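Working notes, structure below.
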Amino acid sequence: MPELPEVETVRRGLYDLIIGREIKAVEHDTPKSFPNAAADVEQFLIGAKITDVRRRAKVLLIDLATEYTLVIHLKMTGQLVFRVAGIAFGAGHPNDSLIGELPDRSTRVTFTFADGSHLYFNDQRKFGWVRLMPTLEVPNIDFMKKVGPEPLEHDFTAEQFTERFARRAKSPIKAALLDQTVVAGVGNIYADESLWGAKIHPLTKVGDVTKNEFKKLYSELRDVMNLSIEKGGSTDRNYVNAEGKKGSYIDFARVFRREGKPCPRCGTTIIKFKAAGRGTHICPHCQVLK
DNA sequence: CACTTGACCTGTCCGC
DNA sequence: TGCGGACAGGTCAAGT
C-alpha cells in the first residue's frame with residue numbers, strides 16, 4: 001500500500017504526536033509482525049522515550065533514547081495509528097476517517113505509552129513488520145545497504161537519476177522504476193503517474209528511453225510525489241495517516257485506477273493491463289511503445 | 001549479475 | 001445468496 005509519500009505523511013504525523021512519549025508496554029498477536037527477543041524488548045523498549053521519527057525509502061524508523069530503533073515496514077496494508085487514551089478519532093469524526101475503534105481485528109502490535117495513549121500497528125495482510133534493533137545497526141540491514149537514493153533530496157539531480165538506470169538497460173522502464181535499488185520509494189501508483197507525465201510506455205526498454213525522456217521522468221516523479229505529500233498521500237483502500245485519516249492524492253491521479261475514463265491530456269480512454277507483474281494504467285495515445 | 005516469477009496473507013469484488 | 005477466481009499500493013527467494 002504505502003509508497004514514499006504515504007510513509008512520509010505517516011512520519012510527519014507521528015513526529016508531531018509521539019516524540020517524547022515513554023513506552024510502557026507492547027503487545028502483539030503474531031510473532032511475524034513483531035519478531036523480537038523478549039529480553040531486548042524488556043531492556044531497550046519498555047521505559048524508553050521516543051526521540052525521533054525518520055524515514056528511509058518506504059521504511060519508518062522510530063528512534064528511542066536507549067539508542068535502539070523500531071524499524072517498521074507497512075508493506076501493502078500496514079497502518080500506524082496514534083490514539084489518545086479514551087478518545088476515538090474514528091467515531092463521530094468527519095468522513096475522512098477510515099477506521100473506528102482500536103484495536104480491531106487487523107491490529108498486530110499495540111504500543112501503550114506512559115500517559116495511557118496508544119500507537120497501533122494494523123496490518124490486514126500480515127506482510128508488514130516491526131523490528132527492534134540498535135540504531136547503529138539500522139544502516140547494516142541488507143535492504144538499507146542496497147536501497148537507492150531518495151528521489152526528493154534537494155541535491156539529487158536528473159543526471160544522477162538517469163545514471164541509476166544504466167545497469168537495467170534490458171528491463172521495461174516500469175520494472176526498473178519499481179526496483180528499490182535503483183531509486184528509493186517508488187511504488188505502483190507513482191510509477192504509473194510519472195510515466196504518464198513523461199509520456200513513456202511502461203514496457204519501453206530502459207535502453208530505449210532517451211536522455212530527455214529520463215529528464216522529464218525525473219521531474220514528473222518528483223512533482224507527483226511532492227504533490228501527493230501535500231495531499232496527505234493516496235488512499236485507494238487501506239492507507240491512513242497517523243491520525244487514522246485518508247489521503248486525497250487519488251482525487252488528483254491522472255491514470256492510476258482511472259481505466260475507462262478519459263486521459264486528462266488528450267481525452268483518449270485510459271486502459272489497464274499487466275506490466276512488470278503489476279496492474280498498469282496508461283493513455284494509449286500519449287504513451288506509445290517504441 | 002540481470003531479469004522474471006511465485007510466495008507471503010486476508011479481504012473484496014466480479015461473474016456465473 | 002453462494003462460490004470460485006482474480007486482484008490488491010511491496011518485498012524476497014528461487015528460478016532461468
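The model shown is predicted, which means the values in this text are computed figures rather than measured ones. Chain A is the first sequence line, chain B the second, and so forth, proteins listed ahead of strands; every chain is numbered from 1.
Scanning all heavy atoms of the two residues, the minimum distance from A:Lys49 to A:Gly20 falls at CD-O, 3.7 Å.
If A:Trp129 and A:Gln124 are placed on DNA chain C by their nearest nucleotide, the residue sitting closer to the 5' end is A:Gln124.
Residues A:Thr135 and A:Arg54 have side chains that never bring a donor and an acceptor to within less than 3.5 angstrom of each other. Side-chain contact check for A:Lys174 and A:Thr280: at least one donor-acceptor pair (N or O, by modelled atom type) lies under 3.5 Å.
The backbone N or O of A:Lys231 lies less than 3.5 Å from a partner atom in the side chain of A:Ser248, making a donor-acceptor pair. No donor-acceptor pair under 3.5 Å is formed between the side chain of A:Arg11 and the backbone N or O of A:Arg55.
In the set C:dA8, C:dT11, B:dC9, C:dA8 carries the atom at the smallest distance from any side-chain atom of A:Lys272. Of the candidate nucleotides B:dC9, C:dT11, B:dT10, C:dT11 has the atom lying nearest to any side-chain atom of A:Gln180. Candidate nucleotides B:dC9, C:dC7, C:dT11 were compared by shortest atom distance to the side chain of A:Phe127, and B:dC9 ranks first.
As judged by a 4.0 angstrom heavy-atom cut-off over every strand, A:Gly279 is placed among residues touching the sugar-phosphate backbone only. Note on A:Phe143: only backbone sugar-phosphate atoms sit closer than 4.0 angstrom, heavy atoms only; bases stay farther off. Residue-level contact check: A:Arg108 touches neither bases nor backbone, having no heavy atom under 4.0 Å from any strand. The residue A:Gly277 sits apart from the nucleic acid: no heavy atom pair falls under 4.0 Å. Residue contacts for A:Asp236: at a heavy-atom cut-off of 4.0 Å it reaches a base atom on one of the strands shown. At a threshold of 4.0 angstrom between heavy atoms, the contacts of A:Ser234 include nucleobase atoms, whether or not backbone atoms are also involved.
The partner of B:dC9 cannot be assigned: no Watson-Crick or G-U wobble pair with both contacts below 3.5 Å exists in any strand.
Taken together through direct or relayed side-chain contacts under 4.5 Å among Ile, Leu, Val, Met, Phe, Trp and Tyr, A:Tyr239 and A:Leu119 form part of one hydrophobic cluster.
At least one side-chain nitrogen or oxygen of A:Lys58 sits closer than 4.0 Å to the OP1 or OP2 atom of C:dT11. Listed pair A:Lys75 / B:dC8 fails the phosphate criterion, with no side-chain N or O lying under 4.0 Å from OP1 or OP2. When the side-chain nitrogen and oxygen atoms of A:His73 are compared with OP1 and OP2 of C:dT11, one or more of them lie within a distance under 4.0 Å. Residue A:Arg278 has no polar side-chain atom (N or O) positioned under 4.0 Å from OP1 or OP2 of C:dC7.
In this structure, the OH atom of A:Tyr239 is 21 Å from the P atom of C:dA8, given to the nearest Å. To the nearest angstrom, C1' of C:dG10 lies 9 Å from CD of A:Glu3. Atom NZ in A:Lys146 sits roughly 10 Å away from atom P in B:dC1 (whole-Å rounding). One can place CG of A:Asp192 at 10 Å from P of C:dG10, the figure rounded to the nearest angstrom. In this structure, the NZ atom of A:Lys274 is 7 Å from the C1' atom of C:dC7, given to the nearest Å. Spacing between atom CG of A:Leu203 and atom P of B:dC3 amounts to 14 Å, rounded to whole angstrom units. Rounded to whole Å, atom C1' of C:dG10 lies 12 Å from atom NZ of A:Lys32. Whole-Å rounding puts the A:Arg56 CZ to C:dT11 C1' distance at 16 Å.
A:Phe165 and A:Phe214 have tilted rings, their planes meeting at an angle from 30° to 60° on a 0 to 90° scale. A:Phe111 and A:Phe34 have perpendicular rings, their planes meeting at more than 60° on a 0 to 90° scale where under 30° would count as parallel. Ring geometry, A:Phe82 versus A:Phe113: the interplanar angle falls from 30° to 60°, so the pair is classed tilted.
For C:dA8, its base sits under 3.5 Å from the side chain of A:Arg125 at one donor and acceptor pair at least.
A distance of about 25 Å separates the P atoms of C:dC3 and B:dC9, rounded to the whole Å.
A heavy atom closer than 4.0 Å to some atom of DNA chain B occurs in A:Arg167, A:Arg168, A:Ala169, A:Lys170, A:Ser171, A:Pro172, these being the qualifying members of residues 164-179 of chain A.
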